[in-house]
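Read the structure below first, then the notes.
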Amino acid sequence: MRETIAQLKERFEQALVAAFGEALAGTDPMLVSASNPKFGDYQSNVAMALAKRLGEAPRAIAEAIVQKLDVTDLCEPLTIAGGGFINLTLKTSYLKTQIKAMQSDARLGVASASEPQRVIVDYPSPNIAKEMHVGHLRPSFIGDAISRILEFLGHEVLRLSHIGDWGTPFGMLIAYVQEAYPEALKSSQGLDLGDLATFYRAAKQRFDADESFQEAARLSVVKLQAGDEETSRAWKLVCDLSNRTNRKIFDLMGLSPFIQERGESFYNPLLAGVIAELDRLGLLVEDDGAKCVFLEGFTNKEGKPLPLIVQKSGGGYNYATTDLAAIRYRVGVDQAQRIIYPVGMEQTNHFAQIFQVGRRAGWITDDVEFFYAPLGSILGEDGKKLKSRSGEAVRLVDLLDEAITRARTDLKTRLQEESREETEEFIENVAKVVGISAIKYADLSQNRTSNYVFNYDKMLALQGNTAPYMLYAYVRVQGISRKGGIDFEKLGADAPIVLQEETELTLAKHLLQFDEVLSSVEADLLPSRLCEYLFELSKKFNQFYDRCPVLQAEEPSRTSRLILSDLTARTIKLGLSLLGIPVLERM
RNA sequence: GCUCCAGUAGCUCAGAUGGAUAGAGCAAUUGCCUUCUAAGCAAUCGGUCACAGGUUCGAGUCCUGUCUGGGGCGCCA
């Protein structure tokens, strides 16, 4: 199956050349979904855009294009409206064959990339010295969804967690653990990350208050970097503990298990080479004892060029150095063609800066795409960045547990109201899936770049653009098969599709746009587009369901409607799975 | 001081390269369960797209300025 819009686009390009000559080869036909269903399914705005360039009236241009446009196999006769809109309505016969093709395709008509890329997605990249907190929620969910989508589309995806496992905060932590709890380092027993989080706070206090402790922390870093055995053992121990705890959280969040840790310590041996190369290229300047690359287009408060410090005056490296090493490695060794960083918007400057240096150093070329995907923040009800009551970052586990607890309470209330008996196992599973999915969907359905207000009641609501609403639409379809004793997999491959009712037609058209939506997400990395699509699909299904009896319908409508219902469920299931959300058969 | 992002219905938000009458959800009001379904469907209400200019056949979208909120701006990540 090929995307309908891609086919139409190609025909338009041919028609443009046929009507106006080779000069218009490659002109974007400006084909988009119709702004209003009454205009049809697609519209082209190209005639108006070309009016000035061709010096002709838009309507005349539209006429000329339509004259040369051969789409009789796909569309009803074209119409020209308003100031030169070309309106296209798909033929029902075409829709029927497409639906049949979709029915027999496990990929639901979504083609695999003709030119698969090697893609790196950098997430969720926690710091090992701290427990994961709200700040990791968006990178985790969005990174995971992007990875799944690109992978499904046939790309080779490498998920790399750029963990903070080196550097100053780590030295501080080790020093404090050594000082206050030396026995805890002798075995991993009795030391979980909750303890480490407490240690971290206490260590920070010590660090801020006591100069001699700061010195001890710095010494720990030096010893660690010098490869001191005991310090390294302590470091390793803490890393393992932290990773183990984080893995549990990944599981709870439903992240892909294929995330590889490749953090700061991994790049550590490569940092000197980065500096040497920048020096060799003549980009390196020493200023105030620090080694820097002066940036183009960035100025400091005095209006002078801003440096990107890559080696501190003390000789130490910083995150810019590590990120540059990662850039170099990902291009040179991993040979990635697309590297995606779903990271908070506050780091816009940082990424612009390291990309600039990467480009000037020749590591980033036109053959590789470094895609910084900025993320908006999660806000509290007060409109400010979400914080716990004590003013600290909210722990991720707490956030997730709370959602599950609330989902469980809602479910139990509902069961009581409906006098339903369910096993403890059923309740736990539904509560977990609904709770986690609600948070995840609420996050993903928001535009990636905009801030949003975190609100349990809204994300767990059973109506509206929420995970529970979508899950319920799926459950409804499964309800039909249970009630009617239908095995969807055995629905006749040769059974005809009937698109008589308005809602049947609308649903079918929407089902066929699944591939177009995924293409758009592939390009722009905005998972919210997929959420929007699934929400629309659920609404259109509910409308169809309201007007069209399925099980009681006469053949051939009955089987046709069963096929449409099944396709809806399969699309929801696949779509949600690409967002990292599982479905439930009953809820 | 410089810079980036945001400001759209009472609330939360969509509005991809400028296109036809600016859309959803929630909330509010009103209908619809003897029909697989009510966690649903239908309908009503709700807008000076922050403000002022400009560009053009056409601006929520692009440009300039103003106001408001948030982020960033040399050795933290």
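Residue numbers start from 1 in every chain, and the chains themselves are labelled A, B, ... in the order their sequence lines are given, proteins ahead of strands. Values below: all heavy atoms of this structure, side chains included; hydrogens, waters and symmetry mates excluded. Computed from a prediction, not measured in an experiment: that's the story for all the values here.
Aromatic rings from A:H162 and A:Y267 are positioned such that their centres are separated by under 6.0 Å. For A:F12 and A:Y42, the gap between ring centers reaches or exceeds 6.0 Å. Here A:Y341 and A:F371 keep their ring centres 6.0 angstrom or further from each other.
Comparing B:rA20, B:rU37, B:rC36 against the side chain of A:V550 picks out B:rC36 as the nearest. Set against B:rA20, B:rA14, B:rC41, the side chain of A:F39 has B:rA20 as its closest nucleotide. Proximity note for A:K52 (side chain, C-beta onward) versus B:rC36, B:rC57, B:rC13: the nearest is B:rC57. Listed candidates were B:rA20, B:rA14, B:rG19. Nearest to the side chain of A:A81 is B:rA20.
Contact annotation: side chain of A:Q43 to base of B:rA20, donor-acceptor pair present below 3.5 Å.
As rounded to whole Å, 18 Å separates atom P of B:rU37 from atom OH of A:Y474. Note: CZ (A:R53) to C1' (B:rC57) measures 18 Å, nearest angstrom. In this structure, A:D546 atom CG and B:rA38 atom P are separated by 11 Å, rounded to whole Å. Between the CG atom of A:D457 and the C1' atom of B:rA27 there is a distance of 14 Å, given to the nearest Å. Here B:rC36 presents its P atom at 15 Å from CD1 of A:I486, a figure rounded to the nearest Å. Between A:R547 atom CZ and B:rA38 atom C1' the separation is 15 Å, expressed in whole Å. As rounded to whole Å, 12 Å separates atom C1' of B:rA14 from atom OH of A:Y441. Spacing between atom CG of A:N455 and atom C1' of B:rU12 amounts to 9 Å, rounded to whole angstrom units.
No side-chain heavy atom of A:Q214 sits less than 4.5 Å from a side-chain heavy atom of A:R206. Within the 4.5 Å cutoff, no side-chain heavy atoms of A:F535 are placed close to those of A:T466. Using a 4.5 Å heavy-atom threshold, the side chains of A:V498 and A:T559 count as separate. Residues A:S528 and A:Q446 fail the side-chain proximity criterion, which asks for heavy atoms closer than 4.5 Å.
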For nucleotides 15-18 of chain B, tabulate all protein N/O to nucleotide N/O atom pairs closer than 3.5 Å, reporting atom names and distance.
{"from": "B:rG15", "atom 1": "OP1", "to": "A:N447", "atom 2": "ND2", "distance (Å)": "3.4"}
{"from": "B:rA16", "atom 1": "O4'", "to": "A:R529", "atom 2": "NH2", "distance (Å)": "3.1"}
{"from": "B:rU17", "atom 1": "O2", "to": "A:D28", "atom 2": "OD2", "distance (Å)": "2.9"}

Protein N or O to nucleotides 22-25 of chain B N or O, pairs below 3.5 Å:
{"from": "B:rA24", "atom 1": "O3'", "to": "A:K539", "atom 2": "NZ", "distance (Å)": "3.4"}
{"from": "B:rA24", "atom 1": "O2'", "to": "A:K539", "atom 2": "NZ", "distance (Å)": "3.3"}

Can you give me the N/O atom pairs linking the protein to nucleotides 74-76 of chain B at distances under 3.5 Å, or say none if there are none?
{"from": "B:rG74", "atom 1": "O6", "to": "A:N300", "atom 2": "ND2", "distance (Å)": "3.4"}
{"from": "B:rG74", "atom 1": "N1", "to": "A:D287", "atom 2": "OD2", "distance (Å)": "2.8"}
{"from": "B:rG74", "atom 1": "N2", "to": "A:D287", "atom 2": "OD2", "distance (Å)": "2.3"}
{"from": "B:rC75", "atom 1": "O2", "to": "A:S313", "atom 2": "N", "distance (Å)": "2.9"}
{"from": "B:rC75", "atom 1": "N3", "to": "A:S313", "atom 2": "OG", "distance (Å)": "3.4"}
{"from": "B:rC75", "atom 1": "N4", "to": "A:D288", "atom 2": "O", "distance (Å)": "3.0"}
{"from": "B:rC76", "atom 1": "OP2", "to": "A:K312", "atom 2": "NZ", "distance (Å)": "3.2"}

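Remark: A:Y469 is in phosphate contact with B:rC41, judged by side-chain N or O atoms under 4.0 Å from OP1 or OP2. In terms of phosphate contacts, A:T503 brings no side-chain nitrogen or oxygen within less than 4.0 Å of OP1 or OP2 of B:rC41.
Scanning for salt bridge (Lys or Arg N to Asp or Glu O under 4.0 Å) contacts around A:E296 gives A:R360, with sequence neighbours left out.
Using a cutoff of 4.0 Å between basic side-chain nitrogens and carboxylate oxygens, A:E422 and A:R586 are scored as salt-bridged.
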- Tell me, what's RNA chain B's dot-bracket, Watson-Crick or G-U with both distances under 3.5 Å, | for other-strand, [ ] crossing? (((((((..((((.....[...)))).(((((.......))))).....(((((..]....))))))))))))....

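In this structure, the aromatic ring of A:Y545 is not positioned over the six-membered ring of the base of B:rG40 within 5.5 Å between centres and 30° between planes.
Residues A:N45 and A:Q43 have side chains that bring a donor and an acceptor to within less than 3.5 angstrom of each other.
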- Query: Under the ring-ring contact (aromatic ring centres under 6.0 Å, His included) criterion, do A:Y319 and A:H350 qualify, and how do the steps go?
  - Reply: CA-CA 10 Å; A:Y319 70 124; A:H350 170 66; 4.3 Å; yes

- Which letter, B, S or -, goes with each nucleotide of nucleotides 3-9 of chain B from 5' to 3', with contact meaning a protein heavy atom under 4.0 Å? --S----

